[in-house]
Novice: 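Before we start, here is the structure in question, set down as structure tokens.
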There are 2 protein chains.
Amino acid sequence: MRGFSDEERERIRRDLLEAGRSLFPKFGLQKTTISDLTDEVGIGRSTFYRFFDSKEDLYLAVLEAEGEKVSRRLAEQNLDDVTDPEEVVTQFLHFIFEEIETNPLVRQLIISGELDRVRSHRTEAEREAERQEEIETIRAFLDPFVEQGHFYEDDPELVASAIAAIPYLTLHKDDIGTERYPNVRDVVIETFARGLVEDSE
Amino acid sequence: MRGFSDEERERIRRDLLEAGRSLFPKFGLQKTTISDLTDEVGIGRSTFYRFFDSKEDLYLAVLEAEGEKVSRRLAEQNLDDVTDPEEVVTQFLHFIFEEIETNPLVRQLIISGELDRVRSHRTEAEREAERQEEIETIRAFLDPFVEQGHFYEDDPELVASAIAAIPYLTLHKDDIGTERYPNVRDVVIETFARGLVEDSE
């Protein structure tokens, strides 16, 4: 087994992530084989395990990389520049709903029950760390408004947790009814944002 | 095959529903067999099919009967007597969340993925009829407030649909984090109700 230079390792890892990002949404986690992934990258099957412990491990890494991309796109929304607290919550929620609704990786994860399979590879501590990270992302733009007393709730952690909960409704498009869904989503987002803010008008 | 009197048919049907209500939450739809159900009732296995087309059919009937019980309990909440629009929405949502969280049948349905299996036995038209029924239940106590201009949204169908969507968050207790969940639920309910109402204070 030959060794790889740091540069080669870096490239292969990136290519595997790229292959996962392309194949997982197309075929799902279960039907995508290690060979499918290594063929795409042009390495031997056994080499895979020098980079990732398992297919699920790569899947999680793909999701993590995707999460970083979402964070970058969120940063581009310039929520820091929004001065109206109701508007900042509305814009954030619309952004997250749109991400979930249009991202093939996330859709695949949700629709096929992939989420449960991937989850069994995570401990509750890891999941809690992720939730905490999400809540902190929200608090980054929210806390100034909470501190200035713009919200009914004065616990920023609780406000952020409530905001983070709303986008789970995306997963219930079929329950809500696909025709009804877009209007329901918009009313829920606007109503919730309005209700958070003291003396909203 | 002997015939049953109307009275016997009525009793057996009721007993099968009762057996389903007791066994399905305990063992799940898949692991509960027709024989388990008929043994409980004291009839032969083949007799089952004179009452229900399938196990799933009985399951749906059990759920329907359960839905009627929930409707009766909802009626007992006397929401008609509540004069504050924010309060009526808050009380309704707390009631529904509590029902979902404490009803073993509903919990089983949700937790085990039973819902998807049962759903494959329903057409989209049947599902839409159910959604419509739920929306009408909400409109029964909501419409007077909408007509009086108490809500920001003036389309009662849309307001009711949005209210009906919120309880899907119960299914995400684990996603939200079980410790955080009760506070998040309460903040979401109160915030949403507050946001619906024009000039809430």
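Throughout, a chain's letter reflects where its sequence line sits, starting with A, and its residues are numbered from 1.
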Novice: Out of Asp155(B), Leu158(B), Asn183(B), return the one with the most heavy atom pairs under 4.5 angstrom to chain A.
Specialist: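 Most heavy-atom pairs under 4.5 Å with chain A: Leu158(B).
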Novice: How about NZ on Lys31(B), more than 12 heavy atoms from neighbouring residues, nucleotides or ligands closer than 6.0 Å, or not?
Specialist: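 No - once you tally the heavy atoms of other residues, nucleotides and ligands closer than 6.0 Å, there are 12 at most.
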Novice: Show the nearest heavy-atom pair for residues Ser161(A) and Val184(B), with the distance to one decimal.
Specialist: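 Scanning both residues, the minimum pair turns out to be CB-CG2, 3.5 Å.
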Novice: Take a 6.0 Å sphere around CD of Glu64(A) and say whether it holds more than 12 heavy atoms from other residues, nucleotides or ligands.
Specialist: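 Incorrect, the count does not exceed 12.
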Novice: Crowded around Gln148(A) CD? As in, over 12 foreign heavy atoms under 6.0 Å?
Specialist: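 Yes, enclosed.
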Novice: When you measure from the side chain of Arg194(A) to the backbone of Glu198(B), do you find a donor-acceptor pair of N or O atoms at a distance under 3.5 Å?
Specialist: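 Here the side-chain-to-backbone pair does not exist.
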Novice: Just how far is it from atom CD1 of Ile135(B) to atom CD1 of Ile176(A), taken to the nearest 0.5 Å?
Specialist: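 The distance works out to 10.0 Å.
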Novice: Where on Ala165(A) is there a heavy atom nearer than 4.5 Å to chain B: the side chain, the backbone, both, or neither?
Specialist: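 Both backbone and side chain of Ala165(A) come within 4.5 Å of chain B.
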Novice: Counting only heavy atoms closer than 4.5 Å, note whether Ala162(B) contacts chain A via side chain, backbone, both or neither.
Specialist: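 Interface part for Ala162(B): both.
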Novice: For atom CG of Asp81(A), is the number of surrounding heavy atoms from other residues, nucleotides or ligands below 6.0 Å larger than 12?
Specialist: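 Yes, enclosed.
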Novice: Which atom pair, heavy atoms only, marks the closest approach of Phe192(B) to Thr191(A)?
Specialist: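 Distance-wise, the nearest heavy atoms are O-CG2, 3.2 Å.
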Novice: For Glu130(A), does the CD atom have more than 12 heavy-atom neighbours from other residues, nucleotides or ligands under 6.0 Å away?
Specialist: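 Enclosed.
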Novice: Heavy-atom count around Glu126(A) CD within 6.0 Å, excluding the residue itself: above 12?
Specialist: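 More than 12 within 6.0 Å, yes.
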Novice: Below 4.5 Å, heavy atoms only, C-beta onward: do Val159(A) and Val187(B) meet side chain to side chain?
Specialist: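 Not in contact.
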Novice: A quick test of your reading: do over 12 heavy atoms of other residues, nucleotides or ligands sit less than 6.0 Å from CG of Asp39(B)?
Specialist: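 Correct, the count exceeds 12.
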Novice: Would a distance-only check, ignoring hydrogens and angles, find a side-chain to backbone donor-acceptor pair under 3.5 Å from Arg131(B) to Asp175(A)?
Specialist: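 Indeed, once roles are kept as given, a pair shorter than 3.5 Å links the two residues.
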Novice: Where does Ile163(A) contact chain B at under 4.5 Å (heavy atoms): side chain, backbone, both or neither?
Specialist: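 Looking at Ile163(A), nothing touches chain B.
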Novice: Counting heavy-atom pairs under 4.5 Å with chain A, which one of Glu153(B), Arg185(B), Glu128(B) comes out on top?
Specialist: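 That would be Glu128(B).
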Novice: Got more than 12 heavy atoms from elsewhere within 6.0 Å of CD, Glu133(A)?
Specialist: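 Counting neighbours around CD of Glu133(A), 12 or fewer heavy atoms of other residues, nucleotides or ligands fall under 6.0 Å, so no.
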Novice: Kindly give the heavy-atom pair with the smallest separation between Leu171(A) and His172(B), and that separation in Å.
Specialist: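 Distance-wise, the nearest heavy atoms are CD1-CE1, 3.7 Å.
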